[in-house]
Each structure stands twice: as C-alpha cells, then as structure tokens.
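Comments concern the structure below.
Remember, it's a predicted structure, so these values are computed and weren't measured experimentally. These numbers come from the heavy atoms of this one structure, side chains and all, not from hydrogens, waters or symmetry mates.
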Amino acid sequence: MSAITKCRSLPTSTWRHLGFPGFLRHESAASPSPPPPPSLLDLHEVEKVLTDVKAGDVRVIPVGGRSGGWTDFMVVASGRSAWHVRNIAQALVHKVKQKQKGSERLQLPSVEGVKGGNWIVIDSGTVIVHALEEKARSYYNLEGLWMKEMSPEEPDQKK
C-alpha cells in the first residue's frame with residue numbers, strides 16, 4: 001500500500017515524462033481539450049464519389065445544429081443491390097486512403113453493416129453516409145424521419 005502512495009506522490013513532471021500527461025485530475029482539468037479530428041471527406045468529395053459509382057437518389061440533409069455537434073451533414077444514397085451498396089462504401093473508403101496517401105498514419109472512416117450489405121453507414125467525420133438498398137431505403141425512410149424532426153411542429157388545431 002505504501003508503494004502505491006509513493007508512486008502517486010511523484011511530481012507532475014515525472015508523470016509527464018513517463019507519458020501520462022493527463023493522469024492527475026487537476027492537470028487534465030486545466031489542460032485544454034484536444035481539437036476535434038479533421039473530416040476525412042468533405043461533402044463535395046462524398047458527392048463526387050457517389051456520382052462516380054452511380055449511387056441513386058442522393059439526398060443531403062444538413063443536421064449541423066440538430067445533431068449535437070457529432071456531424072454536419074447526413075447523406076442518404078441508394079444502391080441497386082447489396083453488391084452495389086458495398087461498392088459505394090468501398091469507393092468512399094478508397095477515396096479516404098487516396099487523400100491520405102504518403103502520410104505516416106492512415107485514419108480510416110468507421111464503416112458498419114458491410115456484412116449484410118443492405119444498409120451500410122460510413123462515418124467520415126463531418127459527413128455521415130447511409131448507403132441503402134432501394135427496398136431498405138423505402139422501408140426505413142430516413143429522410144422522412146430527419147425532415148419531420150427539422151420542420152417546426154404544427155400547433156394542434158381544434159375542430
């Protein structure tokens with residue numbers, strides 16, 4: 001028990017030297033929060049890739065103020081088949097890799113749903129892309145959900 005006490009009583013500079021700059025609570029509270037990670041793809045790049053792979057019915061929904069800061073745009077696109085939906089996701093990831101070519105470390109977007117292929121979500125930072133098969137898109141109606149949330153609520157009218 002005394003070894004732990006001695007270890008925690010090391011000066012702050014020693015903790016920093018060991019690679020734990022935010023280990024002490026008072027130090028982490030005083031340090032500024034790190035900047036948000038840069039966007040892997042911007043909206044223009046996403047639209048270009050979706051056009052190149054012939055994604056259908058591409059809709060851009062601005063969600064910047066309503067999302068709590070986790071994204072600026074949500075893009076919904078259709079694929080003709082599960083293969084086409086996977087190809088859309090693969091093309092977006094490939095574009096990110098091309099953009100970062102030559103850098104020491106690649107930062108790839110988060111991709112979910114590749115195994116099923118009916119609905120794949122690609123999170124590239126400020127733009128989140130939902131690639132859905134046409135049947136899945138009409139069933140889930142993502143645009144309708146977000147558009148209802150964005151429109152002002154109508155007051156109840158009494159008859």
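In this structure, I120 CD1 and E112 CD are separated by 10.5 Å, a value rounded to the nearest 0.5 Å. Annotation: the span from D123 atom CG to L92 atom CG amounts to 12.0 Å, rounded to 0.5 Å. Note that the OG atom of S124 and the CD atom of Q107 stand 10.5 Å from one another [nearest 0.5 Å].
Residues satisfying the ring-ring contact (aromatic ring centres under 6.0 Å, His included) test with H130, not counting sequence neighbours, are W119. Annotation: salt bridge (charged side-chain N to carboxylate O under 4.0 Å, His left out) contacts of E45 (sequence neighbours excluded): K99.
Scanning all heavy atoms of the two residues, the minimum distance from R80 to K54 falls at NH1-O, 3.5 Å. The two atoms that bring S78 and I88 nearest to each other are O-CD1, 3.9 Å, heavy atoms only.
Between I61 and V75, every side-chain heavy-atom pair lies at or beyond the 4.5 Å cut-off. Side-chain contact between I122 and I128 is absent, with no heavy-atom pair separated by less than 4.5 Å. Proximity of Q98 to K95: side-chain heavy atoms (C-beta onward) are separated by under 4.5 Å at one or more points. Looking at heavy atoms from C-beta onward, P109 lies in side-chain contact with V96 at the 4.5 angstrom threshold. Using a 4.5 Å heavy-atom cutoff, the side chains of E47 and L50 are not in contact. Side-chain contact between R137 and D57: present, with at least one pair of heavy atoms (C-beta onward) separated by less than 4.5 Å. In this structure, the side chains of L43 and V60 come closer than 4.5 Å at one or more pairs of heavy atoms. D42 places none of its side-chain heavy atoms less than 4.5 Å from the side chain of T126.
Formation of a donor-acceptor pair under 3.5 Å by the E133 side chain with backbone atoms of A82 is found in this model. When atom types are taken as modelled, the side chain of S81 and the backbone of H84 share a donor-acceptor pair closer than 3.5 angstrom.
Grouping the Ile, Leu, Val, Met, Phe, Trp and Tyr side chains by contacts below 4.5 angstrom, directly or via other members, places Y139 with V121.
The number of heavy-atom neighbours closer than 6.0 Å to CD of Q100, taken from other residues, nucleotides and ligands shown, is above 12.
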Evaluation steps, side-chain contact (heavy atoms from CB on, under 4.5 Å), between V127 and L41: CA-CA 7 Å; V127 181; L41 291 175; 5.9 Å; no
message: I'd like to know whether V63 forms a side-chain contact (heavy atoms from CB on, under 4.5 Å) with F73, so could you lay out the CA-CA distance, the side-chain angles of the two residues, the decisive distance to 0.1 Å, and finally the verdict.
response: CA-CA 5 Å; V63 294; F73 298 99; 5.8 Å; no
